[in-house]
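Below: one structure, written as structure tokens.
Index from 1, following the sequence.
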Amino acid sequence: FSSRRRHTRCSRWSRGLGDVYKIQVVIEDAGSNFSAYVPDLPGCIATGQSFEEVEREIRSAIQFHLEGMKQDGLPIPKPSSAVEYVEVAA
């Protein structure tokens with residue numbers, strides 16, 4: 001799991017076919033499964049039995065979450081979370 005950790009600054013861009021969002025996702029090894037959440041989209045969560053499954057599920061959850069916000073006339077929040085790793089003596 002640790003070799004798959006990713007950290008990026010969140011951003012949004014357009015490809016001409018509509019807006020595409022790049023947003024931070026946190027994936028955690030929960031012991032018996034994996035869980036994921038999106039800090040900039042409160043309540044947007046997913047679980048899966050493997051890293052790959054939870055990654056697929058959180059993509060689907062994000063898309064569903066954004067579609068619901070659009071249908072409700074709510075603004076899509078600008079990504080604001082960032083990840084940074086720090087080193088400390090252990």
Side-chain angles (χ1 to χ4, degrees):
F1 175 67
S2 62
S3 64
R4 295 179 186 240
R5 286 188 185 156
R6 301 176 189 144
H7 59 95
T8 58
R9 185 118 181 121
C10 303
S11 60
R12 180 186 135 200
W13 69 95
S14 176
R15 289 187 177 165
L17 301 174
D19 288 332
V20 176
Y21 293 88
K22 183 176 182 181
I23 194 162
Q24 179 190 29
V25 172
V26 178
I27 299 176
E28 300 174 326
D29 183 342
S32 61
N33 68 342
F34 288 84
S35 62
Y37 66 94
V38 182
D40 290 321
L41 297 175
C44 188
I45 61 170
T47 63
Q49 293 301 309
S50 67
F51 186 93
E52 292 77 13
E53 182 181 5
V54 77
E55 192 172 31
R56 282 191 310 271
E57 294 297 323
I58 197 65
R59 286 178 189 275
S60 178
I62 292 167
Q63 186 173 16
F64 182 74
H65 196 97
L66 295 176
E67 287 171 2
M69 292 180 76
K70 287 178 185 177
Q71 288 175 359
D72 291 343
L74 299 172
I76 304 301
K78 290 183 179 182
S80 61
S81 297
V83 173
E84 185 63 43
Y85 291 97
V86 297
E87 293 181 24
V88 297

Hydrophobic cluster membership, V38 vs M69, 4.5 Å side-chain cutoff: yes
Reported CD1-to-SG distance for the pair I62 and C44, which is rounded to 0.5 angstrom: 5.0 Å
Residues that, via side-chain heavy atoms closer than 4.5 angstrom, fall in one hydrophobic cluster with V88: none
Sub-4.5 Å side-chain heavy-atom contact between L66 and L41: yes
V54 versus A46, closest heavy-atom pair with distance: CG2-O, 3.7 Å
Point-to-point distance, once rounded to the nearest 0.5 Å, from CD of E53 to CD1 of I58: 12.5 Å
Shortest non-hydrogen separation from Q49 to S32 and the atoms involved: OE1-O, 3.5 Å
Spatial distance of atom NE2 (H65) from atom CD1 (I76) [nearest 0.5 Å]: 8.0 Å
S50 side, atom OG; D29 side, atom CG - distance, nearest 0.5 Å: 11.0 Å
Interatomic spacing from CG in D40 to OH in Y21 - rounded to 0.5 Å: 12.0 Å
